[in-house]
Each structure stands twice: as structure tokens, then as C-alpha cells.
Amino acid sequence: MTVLKTSMRNFLAHKGRMALSAVAVLLSVAFVSGTLVFTDTMSTTFDKLFAATASDVTVSAKDASDGGETTSETGKPPVIPASVLADVREVDGVKSAEGALHSTSLTVVDGDKESLSPTSGGPTIVGNWTANDARTMKITSGAAPEGPDQILVDADTADKHGLELGDEIGVISVVGTHTAKISGIADFTVTNPGAAIFFLDTKTAQQALLGESDVFTNVNATAADGVSDAQLKKNVVAALGGDYKVLTAKESTEAGQKDVEGFMSVLKYAMLGFAGIAFLVGIFLIINTFSMLVAQRTREIGLMRAIGSSRKQVNRSVLIEALLLGVVGSVLGVGAGVGLAVGLMKLMGMAGMELSTDDLTVAWTTPVIGLLLGVVVTVLAAYLPARRAGKISPMAALRDAGAPADARAGWIRGGIGTFLTAVGAFALYLTSAADKAAEGSMWLGLGVVLSLVGFVLVGPLLAGGVVRVLGVVVLRVFGPVGRMAERNALRNPRRTGATGAALMIGLALVACLSVVGASMVASATDELDKTVGTDFIIQNDAGQLITPQAVTAVKDTPQVERVTEYKWTEADFTTPDGKTLKNTAITAADPTYATDLRVETVQGQLADAYRPDSMSVHEKFAEDHGISLGSKIDVAFKDGSTAGLTVRAITSSDAVVDAGAMYTSIDTMATYVPADKMPLDMLLFVSAKDGRQDAAYTALKDSLHDYPQYTVRDQTDYKEALKDQIGQLLNMIYGLLALAIVVAILGVVNTLALSVVERTREIGLMRAIGLSRRQLRRMIRLESVVIALFGALLGLGLGMGWGAAAQQLLALEGLKVLEIPWPTIIGVFISSAFVGLFAALVPAFRAGRMNVLNAIATE
């Protein structure tokens with residue numbers, strides 16, 4: 001009980017000094033808890049949606065996906081005959097049944113040809129209005145569609161785009177463009193996570209989406225009273241046979257959940273990974289806090305030991321303080337995490353994905369995980385300072401405050417750090433020497449971990465040399481104040497090293513990702529310059545296929561010299577070694593593609609692959625299956641017949657553009673695949689007439705005015721788009737890393753604040769002999785700047801090493817250009833100085849307000 005009372009008294013006596021450490025724990029726990037609440041809420045939202053929209057039993061085409069995916073290579077969803085509806089209605093146990101159809105392989109535009117698709121990346125769905133839809137949506141204005149000139153729109157989409165009753169809407173599908181006016185607006189009775197949904201009447205939907213009547217994408221059956229879904233499914237299968245996919249409501253819901261499960265897992269664990277980085281940075285803050293508190297209480301702890309306190313009691317006292325800190329920070333963090341989750345939901349709402357707070361899900365595991373993590377991490381971080389406190393002898397009560405550093409321990413620590421850094425550097429070297437990406441990835445992971453731990457351990461030794469160099473460059477211009485700031489930073493190298501290490505971790509990751517991102521852009525740009533020989537590339541950024549009408553519009557553009565079509569499908573390959581490879585990708589293109597994309601071949605010429613009944617394979621595929629020029633591969637086309645294709649070219653496996661593609665001609669594919677089953681174009685490559693590039697660029701945009709879903713890009717545009725995509729990804733990662741950097745800034749603030757308290761008497765004496773308040777504040781700010789620059793220098797150097805090693809792995813995939821983004825690196829380094837200035841504002845202000853006489857009288 002005495003130990004507990006002592007711990008409580010010390011904790012409350014130093015609550016101001018503990019505050020920033022508590023904030024670090026709070027932020028880290030909040031990020032973990034917020035991530036769990038946010039992803040659980042998203043799962044709940046989708047679960048409710050899938051459960052609400054699933055019929056008791058759903059019948060669909062055999063090749064339809066379980067999750068209801070409707071996009072196909074032909075631009076049409078898999079369908080079943082309308083006669084199935086009549087058959088299902090006759091099945092025992094069926095109360096009612098209705099035919100439904102919907103498609104996502106389309107675009108919907110307003111009267112100004114502006115796309116109405118969600119900006120969040122959610123699907124655009126057009127279907128027929130059914131009783132099943134009426135279960136989850138309520139028409140709030142207007143009426144359901146009747147006739148070809150009417151369409152119903154969901155309320156969220158109407159609000160986002162300012163749509164009203166009577167507005168004209170165009171549905172662009174593979175069969176053409178259908179226009180109709182809004183007859184009604186329906187609101188969801190469950191949360192809509194971000195899809196744009198439109199409804200036509202059944203006959204119009206069949207013609208507008210499929211170009212044929214008497215077909216549906218699925219039949220929805222409702223069970224009679226007393227009939228279970230499982231029994232109804234059994235009856236339906238018995239009546240229809242095995243030619244169709246039949247799912248119960250539970251199976252449909254589970255399939256939908258499985259579809260989003262992958263995305264949810266990636267999102268969840270990525271965010272938790274960044275929370276882990278913040279926790280790692282927070283560990284340095286907590287260690288520094290307790291180390292300084294223990295050093296400041298050396299005489300007090302010595303007196304406790306002198307009057308009978310044992311080592312275990314002193315050790316336990318410090319750990320209890322850490323436990324209290326962990327509990328307080330974690331409890332507040334869990335509460336803040338719920339608020340963070342709500343904020344993320346609002347942010348997603350602004351981006352177009354609607355998540356209702358009514359679905360806010362806080363599982364019992366969330367606060368438990370948050371509390372456990374916060375408390376365990378805090379106590380573990382405080383263990384070393386607590387152990388150090390337990391070693392303080394009673395004689396320390398007779399000395400001045402502050403225990404002398406253990407020089408021997410410092411050199412041992414430095415030796416271990418140097419060894420780990422050297423081993424880490426060797427692992428990074430092995431990364432660059434690896435022949436296979438899997439092997440290199442293992443060495444890269446080992447090198448990153450060992451070099452990071454090594455730098456953390458060797459940091460105090462590096463602090464002396466690096467801070468002196470920075471002092472010469474940055475501080476000496478400030479005269480005596482600058483020299484005092486340098487000496488203060490050098491006074492306790494272990495503390496400076498730990499504070500700098502917190503910042504080092506975040507900036508090392510920033511530098512590594514910057515190098516990787518810049519190298520990817522530079523490599524892809526270089527590869528585009530070498531390989532792409534066409535003027536323009538036309539595609540849909542969301543992966544939507546190009547309709548025949550759009551292809552015709554492009555080909556009819558006067559300034560165009562040639563258009564190369566590019567299709568993709570799957571087939572079963574039977575190779576010369578007797579193996580059958582299911583669902584293998586094969587690309588079909590016009591013969592001019594050999595000119596539009598200069599693919600390197602190791603045997604033969606790519607142009608020969610476009611001869612009748614010919615194809616190409618890539619080098620690795622040829623090696624794996626004993627294929628050479630003249631070998632024959634039996635290719636069983638999806639929805640077509642089997643072709644015996646002769647290998648006329650073997651391409652390099654090191655390509656970046658179209659890596660791993662195997663080519664044949666569109667004419668060859670058309671010989672074995674029926675016209676109505678031919679896949680649509682994924683891309684169009686367009687070459688302008690000589691000297692007419694600018695005119696063709698403008699003319700192509702005009703030709704595709706009625707097809708806003710497609711983008712026309714010249715090579716410059718394409719490179720910019722690639723750069724923007726990678727830039728957006730990096731900015732998102734930088735945003736998540738910002739939490740770790742914020743915690744690192746708190747570490748600098750806390751270190752300076754505790755350092756000021758530790759040096760109270762010294763500061764009073766300096767003020768007494770003539771140091772002005774302004775000079776004192778400047779000294780503390782400069783000390784903070786040099787510590788921040790020290791951490792930045794280590795972090796950026798380490799991160800560039802990681803990035804260079806990672807780029808060598810990319811080189812195995814063809815991305816061979818190493819690019820160091822010096823503007824970003826220099827910008828981050830300079831920004832670190834401002835971070836140091838910001839971190840020193842409060843400690844410098846408090847130091848400047850000290851009463852000189854009281855400071856001198858401080859023990």
C-alpha cells in the first residue's frame with residue numbers, strides 16, 4: 001500500500017510532465033480503436049445491406065459470380081431465359097417470384113453529358129424496379145418508371161448532382177445510349193454505402209441493358225409460410241436441374257460479405273500498421289519521460305533507499321506510475337477512437353461513401369484491445385527506466401541530483417548497434433543482389449528491421465559527431481547562444497539519440513516511400529518512351545470496357561491515321577508438356593499493335609504472332625512449359641471453341657508495359673469465339689496523321705463527347721496520370737504517417753520541457769549573469785532545431801538506403817531507374833527545422849518566464 005501511495009503521489013506531483021506522454025498513448029490507442037470501430041461499422045453497413053437486399057432464394061446463370069458481379073468481357077451480364085421465371089413460380093414452397101436484371105458495365109450521364117457515377121469508386125447500377133427493391137427503398141417523390149421514357153433514381157445520387165423530376169438522363173451501355181426522364185426519386189431504408197442506382201421498367205431495362213427481351217439476370221423467389229430457405233432451394237434445384245446457380249438469402253449475404261472482405265482486411269491492417277508505427281515512436285517518448293523523471297528524482301530515490309525501501313519497491317513504484325499513465329491514456333484513447341471513427345465516416349461521406357452513425361459498431365473487443373495495448377506498451381517502455389531507478393544506491397542521496405551515465409553500458413550499446421547496422425546494411429546489399437523478388441523481399445525486410453534497431457542503439461554515439469557538424473553549419477552563426485544550445489544537445493547523448501530516433505522512424509519511412517514512388521514513375525516513364533509508339537491511348541480509368549459505338553466514333557475521326565483495338569479474355573491452355581492451365585489470360589489485338597507497342601522479343605518477331613492461328617508467349621512461360629518457336633498450344637477460348645495456335649514469338653519477361661502478356665490477333669480470336677461472345681476493347685491505341693497530332697487530340701475529345709466515361713490521353717497526359725496515381729497513394733500514406741510524426745514532435749516537446757525543469761537552477765544562474773529572456777528562448781529553440789535536424793538527417797539517410805534497396809526489387813520487375821526525389825528530401829529536411837522551432841515554443845516560453853531568484857534557489 002505504501003508503494004501504491006508513493007506512486008500515486010509522484011504521478012499527481014508530475015502530472016504536467018506526464019501529460020504529453022499520456023497524449024502520445026491517447027493518440028496511438030485512438031488510432032487503433034478508431035480503425036477497429038470504423039472497419040466494424042463498414043462491415044455492419046454492408047452486412048445489413050446484403051441481408052436486406054437478398055431474396056429467400058435467388059436463381060442466376062451458372063457463370064454468374066456468387067457476389068452478384070455483373071461485369072463481363074462482352075459488356076453484358078450473364079443471363080437466364082425468362083422461362084425460368086415461370087418454372088420457379090410452379091415450384092412447391094414458392095409464395096411469389098419475379099424476374100430481375102441489373103448491370104454495372106455501363107455509364108449514366110445527365111443532360112450535359114456529365115457522368116453521374118460515384119466519385120468514391122462505388123458502382124453504378126441500372127436495373128428494373130421490382131418488389132425486392134421496394135423492400136429496401138421507398139419512393140419519396142414521383143412514381144415508379146412506366147414505359148421507355150421514364151427512369152427512377154436514388155435520392156443520394158439526386159442530391160449529389162442536383163437532379164429533379166423531369167430531368168433527362170442517358171444510360172450508355174454496350175447496346176447503345178438510352179435516354180429517359182426522371183419519373184421518381186427513391187430513398188434507401190438501409191444505408192447505401194455509395195452506389196448510384198437507377199431503375200427502368202422491365203421491358204425497357206431488357207432492351208437498354210441487354211438488347212434482347214425474354215431474359216433476366218436473376219429470378220428472386222419468396223418462400224411460402226413455413227418453408228425454410230434451404231428447403232425452397234432444394235425444391236428449386238430439383239425442378240431446374242444443375243444448369244443454374246441457386247443461392248439462399250444466407251448464401252447470397254455471405255457471398256456479398258466475402259466480396260468486400262478482402263478490401264476491408266487490407267484497409268484495416270494497413271491502418272493498424274501505421275498505428276503500430278505511432279506506438280513505436282511513442283515508446284521513445286515514454287522511455288525519455290521516465291528516464292528524465294528518474295534522473296531528476298535521484299536524491300529522492302536515494303533517500304527512500306536510505307530509510308529502508310528495497311530495489312523492488314522503487315522499481316515497482318515507477319512501474320505503477322507507468323501503469324497509471326497507460327490506463328489514463330488508454331481510457332481517453334478509446335473514447336477518442338470512437339470520435340475518430342465518426343470523423344472518418346463523415347470524411348468518407350464527403351468523398352461519396354455514405355456511412356450512417358446509426359450503424360456505429362463498437363465491439364467489446366475494441367476497448368479491451370485498446371486498453372491492453374496502451375497499458376502493456378507503456379509499462380514495457382517504462383521498464384528500463386524503472387530498472388535503472390531500482391539500482392540507485394542510498395549514497396545517491398548525498399550527491400547532486402542526476403546520476404552519472406554508465407559509460408561502459410553506453411559503449412556496449414553502441415557496439416551492438418554498430419553490429420546490427422552492419423548486418424542490416426549487408427542484408428540490404430543482398431536485396432540488391434537477389435535474382436528473385438521473393439528472396440529479395442525477405443532480405444529487404446530483415447535489412448530494414450536490423451538497420452532501424454541498429455540506428456536506434458547507435459544513435460547516442462552518432463549524436464556527438466552529427467550534432468557538432470550541425471552546430472558548425474547551423475548554430476555557430478548565433479554566437480554564444482548557439483554554442484550553448486549545441487552543448488545542451490550534447491550534454492546527454494542518450495536523451496538526444498532517443499528523441500531524434502522518434503522523429504527518425506517516421507521520416508525514414510517518408511524518405512523510403514518517396515524514393516520508391518519517384519523510381520516507379522521514372523522507370524515507367526522511361527519504359528513508355530522506349531516502347532509506346534502511338535500518339536494517343538483511350539481507356540476508362542475505372543476499368544470499364546469500351547463500347548462498339550465509342551470505337552466507331554474514334555475510327556470515324558478524320559485526323560486519325562489508324563486505330564488499334566486491344567481485347568482481353570481467359571482461356572484454358574494445354575501446353576506441349578501436357579499440362580492444362582485453367583483461366584489463363586490471353587490478349588487479342590490488331591496487327592498494328594506490334595508497331596504501337598515495341599515489345600522486346602527473345603525469339604521471333606511479335607508481328608508474326610498476329611498471323612492466322614498464331615500467338616506469342618513470354619519467356620518465363622516458355623521456360624516453364626518447354627515451349628519454343630513452332631510449338632503448338634491448344635487454347636480453349638471462354639465461350640468459344642478450341643484453337644490450335646502456333647507460337648511465333650517469345651517476348652521478354654522483363655517488360656513493364658503489358659508484362660506477362662500473351663498475344664494473338666483479333667481475327668484469330670473471332671474465328672473461334674462467336675460474334676456475340678467477343679470481348680469488348682479494354683484500350684484503344686490511336687495514331688494521328690502526320691503533323692496532325694494537335695488537331696487529332698481535339699477531334700478525338702469531340703468525337704467522344706457523348707461518351708464521358710472514356711479519357712483521351714497523349715503520352716504526356718499518360719505520364720502525368722501515372723505520376724498523379726502514385727502521388728495520391730503516397731499522400732495517403734504520408735497522411736497516415738503524420739500520426740507518428742505528431743507523436744515524435746510531442747517527444748521533442750516533452751524532452752525540452754523536462755530538460756528545462758532539470759536545468760532550472762542553471763537557467764537562473766545564466767539569467768543572473770546577464771542572459772536575457774530573448775537569448776534564453778532562442779537557446780532552447782536552437783537546441784530543439786538541432787535535435788530535430790539530427791533525427792531528420794538519420795531518418796532521411798536511412799530511408800534513402802531502404803528505398804534504393806527496394807528499387808532493386810522493382811528492377812527485377814522491369815522498373816530499372818533509381819530516382820532520388822531531392823526536392824522532397826530537401827523539403828522534408830528543412831521542414832524538420834520548423835518542426836523543431838514549433839516543438840520549442842511552449843518550453844522556451846516557460847523558461848523565459850522563470851523567476852531568477854526562485855530558479856537559483858531550486859535544489
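These numbers come from the heavy atoms of this one structure, side chains and all, not from hydrogens, waters or symmetry mates.
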With side-chain contact (heavy atoms from CB on, under 4.5 Å) as the test, would you mind laying out the steps for Lys530 and Asp526 before giving the verdict? CA-CA 6 Å; Lys530 291 178 180 177; Asp526 181 66; 3.1 Å; yes

Criterion side chain to side chain donor-acceptor pair (under 3.5 Å) on Thr824 and Ser514, from CA distance to verdict: CA-CA 8 Å; Thr824 300; Ser514 296; 5.1 Å; no

Chi angles and distances behind the side-chain contact (heavy atoms from CB on, under 4.5 Å) call for Leu36, Lys268: CA-CA 7 Å; Leu36 295 175; Lys268 178 178 179 178; 3.5 Å; yes

Start with the C-alpha distance between Leu319 and Val379, add both sets of side-chain angles, then the distance that settles side-chain contact (heavy atoms from CB on, under 4.5 Å), and finish with yes or no. CA-CA 6 Å; Leu319 288 178; Val379 172; 4.2 Å; yes

Phe455/Leu420 under side-chain contact (heavy atoms from CB on, under 4.5 Å): CA gap, chis, key distance, verdict: CA-CA 8 Å; Phe455 261 56; Leu420 290 177; over 6 Å; no

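Remark: side-chain polar atoms of Ser784 are not paired, donor with acceptor, to backbone N or O of Ile780 under 3.5 angstrom. Side-chain atoms of Thr431 come within 3.5 Å of backbone N or O of Leu444 as a donor-acceptor pair. Remark: side-chain polar atoms of Ser432 are paired, donor with acceptor, to backbone N or O of Tyr429 under 3.5 angstrom.
With values rounded to the nearest 0.5 angstrom, Ile505 atom CD1 is found 9.0 Å from Ile277 atom CD1. In this structure, OG1 on Thr378 lies 4.0 Å from CD1 on Ile286, to the nearest 0.5 angstrom. For the atom pair Arg468 CZ and Leu490 CG, the distance stands at 5.0 Å (nearest 0.5 Å). Rounding to the nearest 0.5 Å places CG of Leu462 at 10.0 Å from CG of Leu793. The OG1 atom of Thr421 sits 9.5 Å away from atom CG of Leu452, with the distance rounded to the nearest 0.5 Å. We find the CG-CD1 distance between Leu503 and Ile745 to be 7.0 Å, quoted to the nearest 0.5 Å.
No more than 12 heavy atoms of other residues, nucleotides or ligands sit less than 6.0 Å from atom CZ of Arg487. Few gaps surround OH on Tyr734; more than 12 heavy atoms of other groups in view lie less than 6.0 Å from it. Heavy-atom contacts from other residues, nucleotides or ligands closer than 6.0 Å to CZ of Phe838 number 12 or fewer.
Counting heavy atoms from C-beta outward, Leu332 and Val29 have side chains that stay 4.5 Å or more apart. Taking 4.5 Å as the limit, some side-chain heavy atom of Leu344 sits within range of a side-chain heavy atom of Met271. Counting only heavy atoms from C-beta outward, the side chains of Glu819 and Val521 never approach each other to under 4.5 Å. When side chains are defined from C-beta on, Thr361 does not count as touching Ser43, because their heavy atoms never get closer than 4.5 Å. Between Phe274 and Ile733, some side-chain heavy-atom pair lies under the 4.5 Å cut-off. A heavy-atom distance below 4.5 Å is found between the side chains of Val456 and Met504. For the pair Val377 and Val25, the minimum side-chain heavy-atom distance is 4.5 Å or more. Counting heavy atoms from C-beta on, the side chains of Val786 and Glu486 never come closer than 4.5 Å.
Here the closest heavy-atom approach between residue Ala336 and residue Leu26 is recorded as CB-CD2, 4.1 Å. Closest of all the heavy-atom pairs between Phe790 and Val466 is CD1-CG1, 3.5 Å. In terms of heavy atoms, Val828 sits closest to Leu507 at CG1-CD2, 3.7 Å. Across Leu340 and Ala30, no two heavy atoms sit closer than the pair CD2-O, 3.6 Å. Heavy-atom minimum distance, Ala463 versus Thr496: CB-CG2, 4.3 Å. Pairing each heavy atom of Leu360 with each of Val338, the nearest pair is CD2-CG1, 4.0 Å.
Ion pairing of Asp529 with Lys719 is present here, as a side-chain N (NZ or NE/NH1/NH2) and a carboxylate O approach within less than 4.0 Å.
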